[in-house]
Trainee: 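Before I ask anything, here is the structure I am working with.
In what follows, every chain begins at residue 1, and chains take the letters A, B, ... in the order their sequences are listed.
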Number of protein chains: 2
Amino acid sequence: MAPTKSAEAAAAPVTRMGAGERRELVLEAATRAFARTGFAGTSTDAVAREAGVSQPYVVRIFGTKLDLFLEVYRRAVGKIAAAFRAVLDDGQFDPDSEDDWTRLGNAYTDLLADRDFLLVMMHGFSAGSVPEIGAAARGCMSEIFTIVTSTGCSAEAARDFIAQGMLMNIMLAMGAAEHLDESPALAALTECAFGEAMAVVSPPR
Amino acid sequence: MAPTKSAEAAAAPVTRMGAGERRELVLEAATRAFARTGFAGTSTDAVAREAGVSQPYVVRIFGTKLDLFLEVYRRAVGKIAAAFRAVLDDGQFDPDSEDDWTRLGNAYTDLLADRDFLLVMMHGFSAGSVPEIGAAARGCMSEIFTIVTSTGCSAEAARDFIAQGMLMNIMLAMGAAEHLDESPALAALTECAFGEAMAVVSPPR
DNA sequence: CTAAGAAGGCATTGAATGATTACTTATATG
DNA sequence: CATATAAGTAATCATTCAATGCCTTCTTAG
């Protein structure tokens, strides 16, 4: 019954992991956990279990649950901002071109494959009553608005673009895609909000 | 030092309150509390303190924190839906009339005076991982979409209208109006998102 | 005036939670 | 091989939280 040392040396985590590597793993686990249940609704223990690590260890790495969330949050925002910049940096963007806006929108819907980033961003918005999170959320929104308006578009165009994104976040958070059958109205709005990206968001059936 | 009975009989709560009346008071307090810190982030004790009542009493009235939240949530959604219906029921709505859409938008921004309803709705969206709340949130979104499309407008028009509302909710939740000075970008987006309603949302300076 | 019922607080409790401390085990370096 | 250091856990603590039960106080009907 005692595990044979040699047999599982390869597969089992007998080997220690570098601190940086483990930290990364925990950050990813925390992203999934926070994406599901938000800041207040997620315990450090839930994060630890998701990462396959002991609870004290996750607080040792990050100091505080809030610190951990902020780091997860900044990562998510960074990913999202980077996705936008990737579209805008190469070539030039024409605010009057329907196609260019579609390209920018696709940069967002591509993130749906890893919805956790969008969900974390969303949870940051609604945890605005925690001062540090509120500040981070406002910074996030400012950054995105700045990026979008850097195309030279009007403030209204940027607002409309962002608003569509926020609607998608909300539909995701409420689990609309998983419950299309609940209500025809919900299904119609979901399809209309996600458009081409429905395939990514909705299970293949 | 002992309070004179006769003197404060009028002002002080020496008199008992009807259960229904008290229940109403607690519901309002709970609305404020949940609006601030959401479902997971609000303790029944916080609600009790806000209502000036003991913690066990609030759970006695509503059975469970979740039950309380759901009741608060349904009330908020009801208010919002009613505001829309009030605009649509009298006279007829022309989906091609810019003015009519403005009227409908104003119905929403009028609710900003009591931002608590919108914030509660918002928190319901992001607490979608709690099954009952998720279901209620999807019901809310379905209802609103149904109301808006009952004007005969296209699904896309309804989606755009709702998306603007969701953006406002998010800006509210992150405290954008209270921190306009933090970033010019945030200020620009806020003014652009709220338009005429800025006066309501932002302190009179 | 008294008894019954309703309104509401107080004390408590068991489970979670965030965080700390001390201990163990693996890795690398002399 | 020995030992310092890094990786990680087990045990524990103080709080906080939702929920239950019992008691007190007010009101009202007889």
Trainee: What is the bend of the helix from C/dC1-D/dG30 to C/dG30-D/dC1 when you compare the axis at one end with the axis at the other, using five pairs each and rounding to 10°?
Mentor: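 Its terminal axes enclose an angle near 10°.
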
Trainee: A/Met198 versus A/Ser202: any side-chain heavy-atom pair under 4.5 Å?
Mentor: yes

Trainee: Under 3.5 Å, is there a donor-acceptor pair linking the side chains of B/Thr37 and A/Ser129?
Mentor: no

Trainee: Could you give all pairs that pass the ring-ring contact (aromatic ring centres under 6.0 Å, His included) test and reach residues 153-184 of chain B, with sequence neighbours left out?
Mentor: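 Of all non-adjacent pairs touching residues 153-184 of chain B, those that pass ring-ring contact (aromatic ring centres under 6.0 Å, His included) are B/Phe84-B/Phe161, B/Trp101-B/Phe161.
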
Trainee: Between C/dG18 atom C1' and A/Asp67 atom CG, what is the distance in whole Å?
Mentor: 13 Å

Trainee: What salt bridge (Lys or Arg N to Asp or Glu O under 4.0 Å) pairs are there with at least one residue in residues 105-120 of chain B, not counting sequence neighbours?
Mentor: B/Arg115-B/Glu178

Trainee: Please check if any side-chain donor atom of A/Gln164 sits under 3.5 Å from a side-chain acceptor atom of B/Asp160, or the reverse.
Mentor: yes

Trainee: Does some side-chain heavy atom of B/Phe117 sit less than 4.5 Å from a side-chain heavy atom of B/Arg75?
Mentor: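 When only atoms from C-beta onward are counted, B/Phe117 and B/Arg75 do not touch, as no gap falls below 4.5 Å.
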
Trainee: Under a 4.0 Å heavy-atom cut-off, which of residues 24-56 of chain B touch DNA chain C?
Mentor: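 By residue number: B/Val53, B/Ser54, B/Pro56.
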
Trainee: Measuring from B/Leu88:CG to B/Asp100:CG, what's the distance to the nearest 0.5 Å?
Mentor: 9.0 Å

Trainee: Rounding to an integer number of Å, can you tell me how far B/Ile61 CD1 sits from D/dT20 P?
Mentor: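 Result: 15 Å.
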
Trainee: Please list residues of residues 123-137 of chain A whose heavy atoms come under 4.0 Å from any atom in DNA chain C, ordered by number; otherwise none.
Mentor: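 The stretch gives none, as no residue of it lies under 4.0 Å from the strand.
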
Trainee: Keeping to residues at least two apart or across chains, list the salt bridge (Lys or Arg N to Asp or Glu O under 4.0 Å) pairs with something in residues 136-147 of chain B.
Mentor: A/Glu182-B/Arg138, B/Arg85-B/Glu143

Trainee: Looking at C/dA7, I'd like to know if its phosphate oxygens (OP1 or OP2) sit under 4.0 Å from a side-chain N or O belonging to B/Arg22.
Mentor: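 Answer is no, no contact under 4.0 Å.
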
Trainee: Map B/Arg60 and B/Leu66 onto DNA chain D by nearest heavy atom, then report which one ends up closer to the 5' terminus.
Mentor: B/Leu66

